[in-house]
Amino acid sequence: MAEDPHGDPRLRIEAAHKAFEQDFGRFAPFRSGVSKGSVTLAEAEKLERELGELRSRHAGKKSAIASAKKIIGRVAAEERAALGQLVQQTEAQIIEAIGEVEQSLKTFIEAARVGRERIDVTMPGRRLRRGHLHPITLMRERIEDIFVSLGYAIEDDREIETDFYNFDALNIPEGHPARASQDTFYTNEGLALRSQTSTVQIHAMQRRGAPVRMIAPGRVFRRDTPDPTHNPMFFQVEGLCVDRGITMAHLKGTVSEFLRRMFGAETVTRFRPSYFPFTEPSAEFDFSCFKCAGKGCRICKNSGWIELGGSGMVHPSVLTDAGVDAEEFTGFAFGLGIDRMCALMYGLDDIRLLFENDLRFLEQFR
Ligand code: DAH
């Protein structure tokens, strides 16, 4: 036998086989299959990875068997055949053992994954909780529908304003007493949270020019202490109609028609002279109580009338400041509170309920 610098090849092959058997020991029980419940899916996946490592260690290119193969050519001719057979047999045994366990694990993992992803179609469904609109939104949409049918556009504008839009452009200069009654919240940069939707009149005229017919529902803010009839944030709808030959008669007709559609065909509207800086003349409007038809009840505080909003003919200087020719055009405007209408219609004795997000209250408006 030729001199072998690495020792007896037969012994080396046997040693390699032994080392394999030792490493393979914990996999051996899985040769004929992985029984259900003996391992978890995660454990089986881990075993599969470890088996891959074991394969490259004992049957890969750098394994002891691979290097034993290389020296076969160097042993004496008469021993070569027998040794070659031994190497091949050993290698075949190793590969077969690994292959069997690999197959068992694969089968088990596939079945476990399918089981995990299976859907039980007989399981009862989970009920979807259906939401609904907030009472303010319901009211706003009713108002919008009425005005859209009268040919008005809906304007949605910013809630943060400069003093110019909130006051100056509406004919309320610095020091005017109307600024105090509408004290609002200011940002650090001196911008104001709008205290009325009348600001949108100016934006709409600047953007659309004249003629223009629009309503602007939206949020407004005032520095009020909350009580049953006040909240520092509430909702208004502004209306504006500017065209050639618009008169107070158009204002009265429009507001009366709106209130009839809102509260019933028999509703009567009344206008009382009033003052607003941005209208001249100005009027507040009331409508006959929808509950008692004017006879007097708790809702109208026995007066038969319910006060709703302000209105008037747009002041010429407001038109001019917004870029509309006051010689050619005239217009009317009005504004009213949505929260107040909501409270009236649903008989709420505290408007703060609208903003507390208490589902026991809100779910009554489904
Ligand atoms: N902006 C007024 C307020 O907040 C309401 C109002 C009055 C709006 C007269 C108007 C108007 O457009 O013409 O109380």
Side-chain angles (χ1 to χ4, degrees), residues 143 147 150 152-155 157-159 161 163-173 176-185 192-206 210 212-224 229-243 246-256 258-259 269-287 306-319 321-322 324 326 329-341 351:
I143 298 169
F147 278 102
L150 295 174
Y152 281 68
I154 315 274
E155 286 278 351
D157 221 294
R158 66 216 76 183
E159 291 170 5
E161 279 293 1
D163 264 1
F164 174 76
Y165 286 98
N166 205 51
F167 296 119
D168 302 87
L170 289 166
N171 220 13
I172 313 174
H176 193 289
R179 285 204 181 198
S181 68
Q182 298 211 346
D183 195 6
T184 179
F185 302 94
L193 297 189
R194 68 179 178 193
S195 58
Q196 48 186 346
T197 45
S198 304
T199 54
V200 188
Q201 289 185 28
I202 312 300
H203 290 295
M205 284 191 279
Q206 287 181 337
V212 60
R213 264 204 301 254
M214 67 93 195
I215 63 161
R219 229 182 268 273
V220 297
F221 306 83
R222 289 197 196 163
R223 250 184 54 187
D224 275 330
T229 54
H230 293 88
N231 204 54
M233 186 278 295
F234 56 104
F235 289 82
Q236 287 189 333
V237 190
E238 192 76 14
L240 174 72
C241 171
V242 177
D243 207 337
I246 294 292
T247 69
M248 196 90 186
H250 296 109
L251 166 63
K252 291 176 90 172
T254 304
V255 170
S256 304
F258 162 65
L259 291 171
T269 310
R270 128 181 135 172
F271 289 80
R272 285 178 288 111
S274 184
Y275 168 77
F276 297 102
F278 35 88
T279 44
E280 181 61 38
S282 305
E284 283 176 69
F285 52 91
D286 312 334
F287 66 103
I306 296 173
E307 297 179 11
L308 195 58
S311 65
M313 299 305 291
V314 182
H315 197 292
S317 73
V318 173
L319 293 175
D321 284 358
V324 170
F329 292 99
T330 51
F332 67 78
F334 58 88
L336 49 93
I338 303 185
D339 321 53
R340 191 170 145 63
M341 273 227 272
I351 60 161

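In listed order, ligands and their atoms are each counted from 1.
- Under 4.0 Å from ligand 1, not a single heavy atom of Arg194 appears.
- When the ring pair (Phe, Tyr, Trp, His ring centres under 6.0 Å) test is applied to Phe287, the partners found at least two apart in sequence or on another chain are Phe263.
- Of all the atoms in ligand 1, the ones that sit under 4.0 Å from a non-hydrogen atom of Thr279 are 13 (O).
- Of the options Ser198, Gly312, Gly337, Gly310, the smallest heavy-atom separation from atom 7 (C) of ligand 1 is shown by Gly310.
- Ligand 1 does not have Met313 within reach: every non-hydrogen atom of the residue lies 4.0 Å or more from it.
- Below 3.5 Å of separation, one finds an N or O of Gln196 facing an N or O of ligand 1.
- Taking any N or O of Phe278, backbone or side chain, none lies under 3.5 Å from an N or O belonging to ligand 1.
- Aromatic pair Phe147/Phe334: ring centres closer than 6.0 Å.
- At distances below 3.5 Å, not a single donor-acceptor pair connects side-chain atoms of Arg222 with backbone N or O atoms of Phe185.
- Here the CD1-CZ distance, from Ile246 to Phe329, works out to 10.5 Å after rounding to the nearest 0.5 Å.
- Of the charged side-chain nitrogens involved, none lies within less than 4.0 Å of a carboxylate oxygen, so that Glu161 and Arg194 do not count as a salt-bridged pair.
- Interface atoms of ligand 1 facing Glu238, defined by a heavy-atom separation under 4.0 Å, are 8 (C), 10 (C), 12 (O).
- A donor-acceptor pair under 3.5 Å is formed between the side chain of Thr184 and the backbone N or O of Leu193.
- Classified by interplanar angle (parallel below 30°, tilted 30° to 60°, perpendicular above 60°), the ring pair His203/Tyr165 is parallel.
- Atoms of ligand 1 found under 4.0 Å from any heavy atom of Phe276 (numbered from 1 in listed order, with element): 7 (C), 9 (C).
- Of all the heavy atoms of Ser311, the ones lying under 4.0 Å from any atom of ligand 1 belong exclusively to the backbone.
- Judged purely by distance below 3.5 Å, without hydrogens or angles, the side chains of Glu238 and Gln201 pair a donor atom with an acceptor atom.
- For ligand 1 and Gln201, the ligand atoms under 4.0 Å from any heavy atom of the residue are 12 (O).
- Among Gly239, Gly331, Gly335, the residue whose heavy atom sits closest to atom 5 (C) of ligand 1 is Gly335.
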